[in-house]
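Below, chains carry the letters A, B, ... as their sequence lines are ordered, and counting in each starts from 1.
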Amino acid sequence: MKEMQTNWIGKSSGAEVDFEIKGQAQKLRVYTTRPDTIFGVDFMVVAPEMDLIHQIKSKEQEEAVAEYLGYVKSRSDRERMSEKKITGVFTGAYAINPFDGREIPIWVSEYVLAGYGTGAIMAVPCGDERDFRFAKHFNIPITNIIGHHFNGEEANATKEAVLENSDFLNGMVMKDALETAIQKIEEKGIGKRKINYKMRDAGFSRQRYWGEPFPVSWKNDVPFALDESVLPLELPYMDDIRHGEKGEGPLANNEVWMNSQVFAGGKAESSTMPGYAGSSWYFLRYMDPANEKEFCSRAASDYWGQVDLYVGGTEHAVGHLLYSRMWTKVLYDLGLIGFDEPFKKLLNQGMIQGSSRFVYRLHGTNTFVSKSLLNNEDEYEGKQLDKIHVDVNMVDGLELDTNAFVIWRNNEHAGAVFILDDGKYICGVETEKMSKSKFNTVNPDDLVYKYGADTFRMYEMFLGPVEMSKPWDTKGIEGVHRFLKKFWRLFFDEQKGKIWTDEKATSAELKVLHKTIKKIEEDTERFSFNTCVSTFMICVNELTDLKCHKKEILNPLLILITPYAPHIAEELYQQLNAIQTSETNSTVLDATFPKWDEKYIKESSKAYPVAINGKTRTELTLSLDITQPEVEALVLQDAIVQKWLDGKAPKKIIYVKNKMINVVM
RNA sequence: GCCCAGAUGGCGGAACUGGUAGACGCGUCAGACUCAAAAUCUGGUGUCCGCAAGGAUGUGCAGGUUCGAUUCCUGUUCUGGGCACCA
């Protein structure tokens, strides 16, 4: 998560170094994260957009350079990104290595980006894969400064190698040499340490209606901030929110707004702010929503403090989390709030994935082959196959409903021919992100309708640990539903109706209740919701066995289960306590969470597993305050232990209180 | 390619600090209730040998540490997610 944010900000540390250019006053400034490799520089590369090229190019290379720049211009950004062709041209100029005076050819290539660093790099082919490929492609000799770590076949970006051919860095491990090199560069006055950032998504405007309007006024193409007295600026109501004529935001169509007095003679900005503008700080506003003077009073934010828990998937790592952290830090630096991180704790819930289904079409035909007849997914009897997503709702398990498939999406596959296996068309399966384009989405409404929201909610929790991703599968939802019905039967009987009593609970019943409270408290605390559900199941099973219908037990249990099955808990709570809706404290949500008491749970003995050489052979029930010598005596008396010892004396007997006993022979 | 996460029965998973592997649920098998069905209840269910008692084996794979490893260490394979010319 931190890593994703770091990548997004694009923080990298290294140095900027100036290289003299042979026969010219100009210098070439490069940015590198690996100054330790400065003796391995075999060529320089400048981004095609840099003006410097025209100043340094030689007469002989002028034409070639012009031709290359023309070629680069003809390519779109997308092409440059997707086709990783190795292209470039020599400028005819040479840089001078400041340490050993070596002449280094300066090239131009599109693999270097103008927008990052200085738009120029020092290329070290033995340590950087891109540089290596470039050097190979243009036959530039490669200097090896890392000895056997470089095999001549591919670059090795290690920091662990001992440097060679590196003058004053010789014999040093690279990661240590890094610091030495930077110091030397600064000493010589030819460069300095530098930390670089590259925000990937810096655009802060959207051409749409919904979003906060910008509090600026445009005058002669210059934006001026509005006076604070006219804030907050509110989005005007609009019926028609189509784009403006030139693709601007919909606000552009609202003449009255665009020229409103608020903008003091200027024009409004037609774009609005992106979603994260508001989502980055709304939790602060929630602390003091009616405040007319400021976004949130310091007293309110000091009182409420940081958000205790942030639950979100990793997909929010940069979009939302990163920006709220930034907002918070800015507000903290301004002294407007007293904390510099918005959230105390982060919980990354896993993603519910889709289980996709595929059909296989013979390329260029309307014939589909059952997966079960294929040896691989690419071809069938020498013919190429197309692997196509099908709607999971037309597939029962793995078997495709071929009739539904034919009429799917307006008879798209009318006239389809199927090559079946034993009368069935078997689909391929893959687990992927749930997405409409993959036709693997399922609608939770159907399940809520059939089983109710409590069952659905509990089943989702029962699926497994929250932070784990897994494909959606409704197998097993019946089990949770049965549990809730069984829970209900502790209160109501189909014939007799209400069956709860005011009788005093037995110690066995209290034990069940209190160990449940303890476990639910602990597991909820560590977000282990799946084990909470199973704890409730165990509790209800035990109370059913005990035929316990006592209010003394059932009432605390209802409070306990409220976060897990809120609707059923509320309903039963109201009935059990004969609450009239007009009464105060009439909801289970206002009830006090039950506390467990050690005295009901405490055990005096334990059934210890007895192992011989680590393998469990029998069990011995022993008092918890028994001593080592007592244990040894009892263990040696045991018939099964004696059988395994076969007359020999054990080497030692390991006894771990409350855990186990192991006899080593 | 790089980074992160995961791998345990037929299935989802449990075992929290190294201490009875498989809790709980699904599925399945057998039985009870019923004219029948639904609902509900009882019992069995990792694999292999055995009538049983019992034994062997078992947490992706190969090693290691330990009296004892799903848990710790080294290597490796597969699956999912994210990033991807950022020097």
Could you tell me the Watson-Crick or G-U partner of [N], where both distances fall under 3.5 Å? Say none if there is no partner.
N      : value
U17(B) : none
C26(B) : G10(B)
U79(B) : A5(B)
C35(B) : none
A56(B) : U47(B)
A84(B) : none
C72(B) : G64(B)

Interatomic distance at [atom1], [N] relative to [M], whole Å:
N      : M      : atom1 : answer
G81(B) : A32(B) : C1'   : 50 Å
U70(B) : A7(B)  : P     : 14 Å
G68(B) : A21(B) : P     : 14 Å
G1(B)  : A62(B) : C1'   : 26 Å
G6(B)  : A14(B) : P     : 12 Å
U57(B) : G22(B) : C1'   : 15 Å
U66(B) : C73(B) : P     : 16 Å
C11(B) : A23(B) : P     : 15 Å

Would you say [X] and [Y] make side-chain contact, with heavy atoms under 4.5 Å?
X         : Y         : value
Glu430(A) : Phe358(A) : yes
Gln353(A) : Met434(A) : no
Trp472(A) : Leu463(A) : yes
Asn613(A) : Trp644(A) : no

Nearest-Å distance for atom pair [atom1]/[atom2], residues [X] and [N]:
X         : N      : atom1 : atom2 : value
Leu28(A)  : A87(B) : CG    : P     : 17 Å
Ile640(A) : G55(B) : CD1   : P     : 8 Å
Lys643(A) : A53(B) : NZ    : P     : 13 Å
Phe483(A) : G25(B) : CZ    : C1'   : 11 Å
Lys194(A) : A87(B) : NZ    : P     : 13 Å
Lys606(A) : G19(B) : NZ    : P     : 12 Å
Glu430(A) : U79(B) : CD    : P     : 10 Å
Glu619(A) : U20(B) : CD    : P     : 11 Å

Where the side chain of [X] is defined as all heavy atoms beyond and including C-beta, which of [options] is the nearest nucleotide?
X         : options                : result
Glu432(A) : G81(B), U20(B), A23(B) : G81(B)
Gln353(A) : G81(B), G54(B), U20(B) : G81(B)
Thr33(A)  : A87(B), G55(B), G25(B) : A87(B)
Lys485(A) : U40(B), U20(B), A87(B) : U40(B)

Starting at the 5' end of RNA chain B and moving along, which residue's nearest nucleotide shows up first, Arg617(A) or Arg34(A)?
-> Arg617(A)

Between Glu110(A) and Thr87(A), does any side-chain donor sit less than 3.5 Å from a side-chain acceptor?
-> yes

Side-chain H-bond candidate by donor/acceptor type, Glu432(A) with His389(A), under 3.5 Å = yes

Please write out the pairs of protein N or O atoms and N or O atoms of nucleotides 41-44 of chain B separated by less than 3.5 Å, giving the distance to one decimal.
residue : atom : partner   : partner atom : Å
C41(B)  : OP1  : Arg489(A) : NH2          : 3.4

Give a yes/no on whether any side-chain N or O of Lys615(A) is located under 4.0 angstrom from OP1 or OP2 of U57(B).
-> yes

Do the side-chain N or O atoms of Trp488(A) get closer than 4.0 angstrom to the phosphate oxygens (OP1, OP2) of U40(B)?
-> no

If every non-hydrogen atom of Asp36(A) is compared with every non-hydrogen atom of Leu163(A), which pair is closest and at what distance?
-> O-CD1, 3.8 Å

Provide the closest heavy-atom pair for Ile56(A) versus Ala93(A) in the form atom of the first, atom of the second, distance.
-> O-CB, 3.4 Å

With sugar-phosphate meaning primed atoms plus P, OP1 and OP2, does [X] contact a base, only sugar-phosphate, or nothing at under 4.0 Å between heavy atoms?
X         : value
Ala611(A) : nothing
Trp644(A) : sugar-phosphate
Asn541(A) : sugar-phosphate

In Leu622(A), Val641(A), Ile661(A), the residue satisfying side chain to side chain contact (heavy atoms under 4.5 Å, CB included) with Leu634(A) is Leu622(A)

By side chain to side chain contact (heavy atoms under 4.5 Å, CB included), which residues pair with Asn530(A), not counting sequence neighbours?
-> Pro465(A), Ser528(A)

Contacts of Phe134(A) that satisfy ring-ring contact (aromatic ring centres under 6.0 Å, His included) - sequence neighbours left out | Phe43(A), Trp107(A), Tyr111(A), Phe138(A)

How does protein contact run along nucleotides 62-67 of chain B, one letter per nucleotide 5' to 3', with B for base contact, S for sugar-phosphate only, - for none, heavy atoms under 4.0 Å?
-> -----B

Nucleotides 7-18 of chain B: protein proximity per nucleotide (B base, S sugar-phosphate only, - neither; heavy atom, under 4.0 Å) = ----SBSSSB--

Fit a plane to each ring of Phe99(A) and Phe39(A), take the angle between them on a 0 to 90° scale, and name the class: parallel (under 30°), tilted (30 to 60°) or perpendicular (over 60°).
-> tilted

Chi-angle category of G9(B) [syn within 90° of 0, anti beyond] = syn

Does Tyr608(A) have its ring centroid less than 6.0 Å away from the ring centroid of Tyr655(A)?
-> yes

In sequence, state the C-alpha distance, the side-chain angles, and the governing distance for Asp42(A) and Arg102(A), and then conclude on salt bridge (Lys or Arg N to Asp or Glu O under 4.0 Å).
-> CA-CA 9 Å; Asp42(A) 290 315; Arg102(A) 230 164 20 122; 3.6 Å; yes

Name each donor-acceptor pair under 3.5 Å that joins a side chain in residues 474-486 of chain A to protein atoms two or more places apart or in another chain, with its distance.
residue   : atom : partner   : partner atom : Å
Glu478(A) : OE2  : Tyr451(A) : OH           : 3.0
His481(A) : ND1  : Thr455(A) : OG1          : 3.0
Lys486(A) : NZ   : Asn541(A) : OD1          : 2.9

